[in-house]
Amino acid sequence: MLDLKHALWELEKVVDAAQLENFFQIYLWKKGFINEEFKVMLTLPAEEKKDRGAKLSDIKTKLTEAYEAKQQSFKMGQINQQLEKDLVDISLDTSSENWSYSLLAEVRREVEEIFKSLWFVMEYGTEMVTKFENFESVNIPLTHPATEMHDTIYLNEKDPSGENFVLRTHTSSMQNYMIKKYGVPLKALVPWRAYRFENMDATHDTMFYQVEGMYIGKNISIAHFKSLMETMLNAVLKKKVETRMRPGYFPFVEPGFEIDARYEYLNPKTGKKEMSKRLEILPGGMIHPEVLKAAGVDPAEWRSGFAFGLGMSRLAAIKYGIKDIRYFTNGDLRFAKSFA
Ligand code: PHE
């Protein structure tokens with residue numbers, strides 16, 4: 001009969017994955033030694049069969065265990081090797097040409113700095129949110145088309161009320177939280193990621209950066225809103241910007257606007273200063289009373305305030321004259337550095 005000690009000794013000598021596989025083929029595979037021995041056993045007289053069967057089973061178990069332990073140790077060895085290779089050498093000189101900020105990050109920081117200098121509180125918030133945060137808290141009933149699968153990404157994880165979490169489809173998911181946390185009057189900024197189920201093309205991506213802004217007070221008018229947006233755009237685009245407001249619809253603002261902008265530039269053909277075409281820059285509007293109510297604020301007392309949702313890639317694309325927003329996230333250093 002097969003000698004367990006000998007087999008274990010052979011296993012001991014195994015030094016790599018190929019040899020281990022070989023060992024498996026010889027002993028444990030369905031055409032290996034052990035199964036062959038089981039076949040032989042079946043031909044034995046009944047009283048021998050029992051004894052032999054028990055011994056073989058015992059050998060098979062012990063050998064399988066030893067084999068698996070060896071397999072595991074090889075895996076750990078591989079992982080450790082990989083970890084050693086992956087160690088970050090912190091003595092490397094990172095001030096060299098090996099990295100660059102993404103243009104999106106640069107522009108986001110500029111926007112953050114502008115609003116911080118105006119004493120806005122700032123939070124990034126969570127990207128995984130409840131349906132309440134993303135929709136109902138900003139006056140979007142769950143029957144609204146925007147809540148359907150085609151542009152909302154649902155997660156398997158459930159919130160405490162048993163509903164699936166979603167990836168926030170806009171940073172407006174933070175409006176309710178910011179009002180509740182900081183109270184009114186409020187100047188708040190939420191610049192970070194949002195997600196929509198989109199087919200990627202030159203102007204759409206499933207992940208995008210948005211900057212949510214809110215300004216709530218007692219005598220805040222559309223004029224304040226317009227002037228703040230112009231101040232911000234002048235500062236980011238470093239150009240004299242002129243804005244125009246058109247009506248736009250969002251359930252969480254009333255009235256709602258689309259803000260277009262144009263700016264003065266030097267036309268290389270004529271050599272003269274001209275106004276650019278009007279470009280759609282960002283949506284916004286006066287905060288809807290239902291949004292205030294949902295956050296426990298009395299809209300009769302705090303009647304005025306505005307909110308806006310600025311798309312980062314759009315702003316960066318305008319600032320740097322980029323036609324395809326996929327350049328921002330493809331990680332190509334040549335692209336990012338050419339604007340340094
Ligand atoms: N949340 C809106 C969007 O993502 C933008 C927006 C924000 C509009 C605030 C009005 C006010 O499309």
Side-chain angles (χ1 to χ4, degrees), residues 104 108 111 115 120-127 129-142 144-148 150-153 166-179 186-198 203-217 220-222 224-226 228-229 232-233 243-261 279-295 297 299 302 304-316 325:
L104 277 183
R108 176 176 51 76
V111 173
F115 284 98
F120 275 61
V121 291
M122 195 179 94
E123 287 204 26
Y124 295 129
T126 53
E127 295 163 34
V129 297
T130 62
K131 281 204 250 179
F132 172 80
E133 290 170 287
N134 200 72
F135 301 121
E136 288 165 299
S137 76
V138 283
N139 199 31
I140 307 176
L142 290 180
H144 194 280
T147 63
E148 274 173 26
H150 64 265
D151 56 10
T152 304
I153 298 171
V166 300
L167 287 179
R168 65 180 176 198
T169 60
H170 52 184
T171 42
S172 304
S173 63
M174 281 287 281
Q175 288 197 3
N176 185 270
Y177 173 88
M178 294 300 267
I179 302 173
L186 174 70
K187 291 194 280 186
L189 200 74
V190 181
W192 204 245
R193 295 179 192 134
Y195 300 81
R196 284 184 203 172
F197 187 65
E198 305 253 21
T203 54
H204 295 91
D205 201 340
T206 39
M207 185 279 285
F208 54 99
Y209 283 83
Q210 237 185 9
V211 177
E212 191 81 10
M214 278 197 285
Y215 198 145
I216 304 175
I220 310 296
S221 72
I222 297 172
H224 292 120
F225 182 24
K226 188 168 173 0
L228 180 64
M229 292 301 99
M232 181 268 296
L233 291 169
T243 62
R244 172 181 79 175
M245 294 167 119
R246 284 179 289 120
Y249 173 73
F250 296 92
F252 33 95
V253 285
E254 176 56 34
F257 309 107
E258 292 288 349
I259 298 185
D260 300 334
L279 301 162
E280 192 176 313
I281 300 262
L282 79 149
M286 306 311 281
I287 294 175
H288 197 289
E290 288 301 327
V291 174
L292 296 175
K293 265 195 234 163
V297 171
W302 297 92
S304 54
F306 57 81
F308 56 89
L310 176 63
M312 264 307 89
S313 49
R314 179 157 196 92
L315 188 63
I325 62 163

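This one's a predicted model, so the numbers in the text were calculated from it and none came from an experiment. Throughout, residue positions are numbered sequentially from 1 according to the sequence presented. When a ligand or atom number is given, it counts from 1 through the structure's own listing order. Computed from heavy atoms alone, side chains included, the values below leave out hydrogens, waters and symmetry copies.
Taking the side chain as every heavy atom from C-beta outward, T169 and F135 approach each other to under 4.5 Å. Side chains of L186 and I179 form a contact here, defined as non-hydrogen atoms less than 4.5 Å apart.
Residue G284 has at least one heavy-atom neighbour below 4.0 Å for each of these atoms of ligand 1: 10 (C), 11 (C). For ligand 1, the atoms sitting less than 4.0 Å from at least one non-hydrogen atom of Q210 are 3 (C), 4 (O), numbered in the order shown with element in parentheses. Interface of R196 with ligand 1, defined as ligand atoms under 4.0 Å from a residue heavy atom, comprises 3 (C), 4 (O), 12 (O). When each atom of ligand 1 is checked for a heavy atom of A307 under 4.0 Å away, the hits are 9 (C), 11 (C). Residue S172 has at least one heavy-atom neighbour below 4.0 Å for each of these atoms of ligand 1: 1 (N), 7 (C).
Contacts between M286 and ligand 1, counted as non-hydrogen atom pairs separated by less than 4.0 Å, are absent for every part of the residue.
Nearest non-hydrogen protein atom to atom 5 (C) of ligand 1 is P283 CG, 3.8 Å. Closest to atom 7 (C) of ligand 1 among all protein heavy atoms lies G309 N, 3.4 Å. Closest to atom 2 (C) of ligand 1 among all protein heavy atoms lies F252 CZ, 3.7 Å.
If you check the side chains of S172 and E212, you find a donor sitting under 3.5 Å from an acceptor.
Ligand 1 is never approached by M214 to a heavy-atom distance shorter than 4.0 Å.
Using a 30° and 60° split on the angle between ring planes, F225 and F308 fall in the parallel class, below 30°. The aromatic rings of F252 and H170 sit perpendicular, their planes meeting at an angle over 60°, well past the 30° parallel limit.
Residue P251 comes nearest to N139 through the heavy atom pair O-ND2, 2.9 Å, listed as atom of the first residue, atom of the second, then distance.
Using a cut-off of 4.0 Å between Lys/Arg side-chain N and Asp/Glu carboxylate O, E280 and R246 are scored as salt-bridged. Under a 4.0 Å N-O distance rule, the pair D260/R244 qualifies as a salt bridge.
With atom 9 (C) of ligand 1 as the reference point, the heavy atom nearest to it among F306, F308, F257 is part of F308.
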